[in-house]
Asks: 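To start, I am sharing the structure in question, which I have written as structure tokens.
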Amino acid sequence: MRTKLEACLDAINRVVLGKEPQVRLALACLLAKGHLLLEDLPGMGKTTLSHALAKILGLSFQRIQFTSDLLPGDILGTSVFDKDSGQFVFHPGPVFAELVLADEINRATPKSQSALLEAMEEGQVTIEGATRPLPEPFFVIATQNPVSQGGTFALPESQLDRFLMRLSLGYPAKAAEKALLLGEARRELLPKLDPLLDHAELAALQAEVSRVRASDALVDYVLRLVEATRSQAQFAWGLSPRASLALLAAARAWAYLAGRDYVIPEDVQAVLGAVVGHRLRERADATGHGGGTLVQWLLREVPAL
Amino acid sequence: MSTPQALPRVALTWLLVAQALAILPHFLHVPLWLAGFWLACVTWRVQAFRMKVGYPGPTAKIALVAVAAAGAYVSRGTLIGLDGGVVLLIAAFILKMVEMRSRRDGLVLVFLGFFVVVTSYLFDDSIATALYSLLPVTALLAALIGLQQSPGAVVRPQATLRLAGQLLLQALPLMLLLFVFFPRMEPLWSLPVPDKKGITGLSDNMSPGDVAELSQSTELVFRARFEGPLPPRRDLYWRALTLEHYDGRRWSQGYAAQGYGAPPAWRRQGNPLRYSVVMQPTAKPWLFGLDVAETDRDDVRQMSDFRLQRRRPVDRALLYQVTSWPQAPREVNAAPQGMRRALQLPSAGNPRTRAWAEDLRARYPATPDLVKAVLAHFRQEPYVYTLHPGEGGADDIDQFLFETRRGFCAHYAGAMAFVLRVAGIPARVVAGYQGGEPNAAGNYIQVRQFDAHAWVEYWQPDTGWVSADPTFQVSPERIEQGLEEALAKEGTFLEDSPLSPLRYRNLGWLNELRMTWDNLNYGWQRWVLGYQGEQQLAFLQRWFGAVDGRVFALSLVGGVGLAFAVVALFLFKPWVRLRDPQQRAFRDFEILLARQGLRRHPGEGPRDFARRAAAALPRQAAAIDAFAHLFEAQRYAGEPAASQALRDALKAVRRALPWRPGVSSS
């Protein structure tokens, strides 16, 4: 199974050049059954990465382009009157796919955003009184432009919390960008990707990940980290229990990807920035964005042993 | 050129505040141009921080220093000595502020500031000054903390101040410990007393006007606390010195009395009075006491005229214990020839007084009768006790006795001593203080300058010296109730100081407030400033039994060591053992590697650390990896805990490592 995972990583890395750590984190996120938020400037490869992931994992893929006039019905679907049968027939919206790419999620109004975010949390949608389950597995990869850019509605903290990880791709290294410029267009490579996993295999992987051992000593470390965010003065607020669960789940997936069946502190540290960065604010700058320096502080000061 | 480390904004803020607070009390005695100088320099510094003006160049610096030195010289007349020195110090403190650009300059400024705070104690050591100095010290600490911030950091001044306050509070126990135990050393050299020209007080010669001048001053002279009940006010004649030489105008201390003659003969008799005195600095060597006084101090002796004299002038508050024997006969058996000094008179002058005295002598051959007659004269004739006696002329005693009949204690005492001397009775003027204001709250008496008094003592064979107070005959209120009552009719009590609280003694609450404040100050002087030398030794002996110097020094060192040990225990908590054997093994592993200069950061995981260590010590990499593997397996992978295996792996690491730090085994 692990060899297959390695193959998946290689395949994605051939499409998204020079972003091995982010690709690995993204895969870990999906293995931990979490939703992923990609935040970066336009044109950094966010969509390509999501596409590649969907392809490789063999998931049905839908893309919703969020705009300011997007309505909840455009996401969830609507009932339309069918003349022939004389009944309303439900037409499912794009959210009924296994992997949903919510592109530029922060360009839509909060009303439309929350339609998707509710679906993410519940695993089902309720339309016109009927509750309809979403497919299993169900992943959302949302991308957003940096908050500072015009025409954006920033996601509130309560909704940011629902994403297991937030990743930022960043500018590619020089060599990677050169390869990018010399090679084929990335979008053209995507259709050539073959699924490497099927649904059963993915479910098995996810089950295995959740069985990765987290010893007492390791859980203590996670608790120390969480406790530090709650007691230290520079944190505007502490991490929620959902965040500590997310941290442990992501660390398990990371350990599994590293070929281990137990978690070590280094696994927690590897995923810490992606998992808690969007959940923390500095007290001095509570409305600001990102807890990068806070994460650095946690990595440096909280005793790992 | 490397740019020096710039100053953080918060440090500059606190330095400015601290400088203002540290200089402020000095403005009571430094020339006022320093205030202007300071304002100009502060403005310059602030503008330099805002990058509106540049820092002073070399020429400007030299010019500023020259201006400051010249200013100090012009206003003080010298650059040497305490007065000029303090002016120079403050000028330097101000100038350093302008020049300050780097963190190092800031540190120099902070330490200069502490020194300036300390120098203010040389001028005033009252409780108010001591409490006030906490303000500049806190501000200086805040500046010191601010200097440690990185220049770009946005730190609010309040945060630094809070930390400084905490530091000060934490230093409090240490401060108390040092106060109690630190040995007070006598200064190696005596600092010239700052500007005692301004201090009013008795001097070693007296013309009648001098005492009248003193009576305008409310300044405290000393406080005395009696064991047992306070003696009645009319018995409180505090002797300071005697004036034996009369030159026709002034009474002054006799030459003989100034030297260290043989101590006078006297006999203890009657019930002694025991009391302790805390006197304010006078810049004079004499101490105050009721007749006949003995003290406990080694550096004080009784002089030939029964006054107490210290080896050095009293240049700061002094505490001493006195035992007085009021009924003791003094120099009863002295030879009459020895009293010639007390009969000295100018060859001419005051003819009417001389004639009157000789007439008295003829009428009253016995000395007691004659003295009684003189006192009766003052009582019966219309003499007036006043602070405005008018100017005396050439024969001022004649004028006083037969024409104006208005005078102050010095007039009466001088005239009476003169009359007695003409009549052949050895007599002299005693200068000192009379009475004092009882403080009910503290059960002590406070004596102020306006209690200054002069009276007479005369000698006769078989009786010795006897005191007599002509003022009592003229104005008994002065002796029994005090100056205010004596001047009640005239209304001249403290006429030059309308705001003095002493004038409003009839206001109950104000008086109580004044008494309480005075009691506080008394306690400060008695227990804090007076706690040195013998007081300290006596205190320590009361607590720890008899100790000699060596034992004391040893226990001091031991005590300080103990204090540090307690702090160290508190900090490191060695009793908190790591109960987990895995963690203990890993800590030992860390200690081993720390000897090789490899320290684990708190946030560094065991695998990362082992990898780093293995990269730094490639020869021992195998052993290090083996240990790290074992540790990880037991701690995280759920393998059963086997501390022996860990210990063995650790031993392997220890063996693989060179035994001496920094030397790799080859």
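Chain letters run A, B, ... following the sequence lines, proteins first and then strands; every chain starts at 1.
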Asks: Under 3.5 Å, which donor-acceptor pairs link chain B and chain A? Put them in a table for me, please.
Replies:
unit_1	atom_1	unit_2	atom_2	d
P602(B)	O	A304(A)	N	2.8
G603(B)	N	R300(A)	O	3.1
G603(B)	O	Q269(A)	NE2	2.5
R607(B)	N	E266(A)	OE2	2.7
D608(B)	N	E266(A)	OE2	2.7
E632(B)	OE2	Y262(A)	OH	2.8
R635(B)	O	S215(A)	OG	2.8
A637(B)	O	R213(A)	NE	3.4

Asks: Going by the rule side-chain contact (heavy atoms from CB on, under 4.5 Å), which residues pair with L245(A) if we only count those two or more places apart in sequence or in a different chain?
Replies: none
Asks: Which residue pairs pass the ring pair (Phe, Tyr, Trp, His ring centres under 6.0 Å) test with at least one member in residues 609-628 of chain B, sequence neighbours excluded?
Replies: F589(B)-F627(B)
Asks: Under 4.5 Å, counting heavy-atom pairs only, tell me which of L218(A), L298(A), I264(A) racks up the most with chain B.
Replies: I264(A)
Asks: Partners of S133(B) by side chain to side chain donor-acceptor pair (under 3.5 Å), sequence neighbours excluded?
Replies: Y121(B)
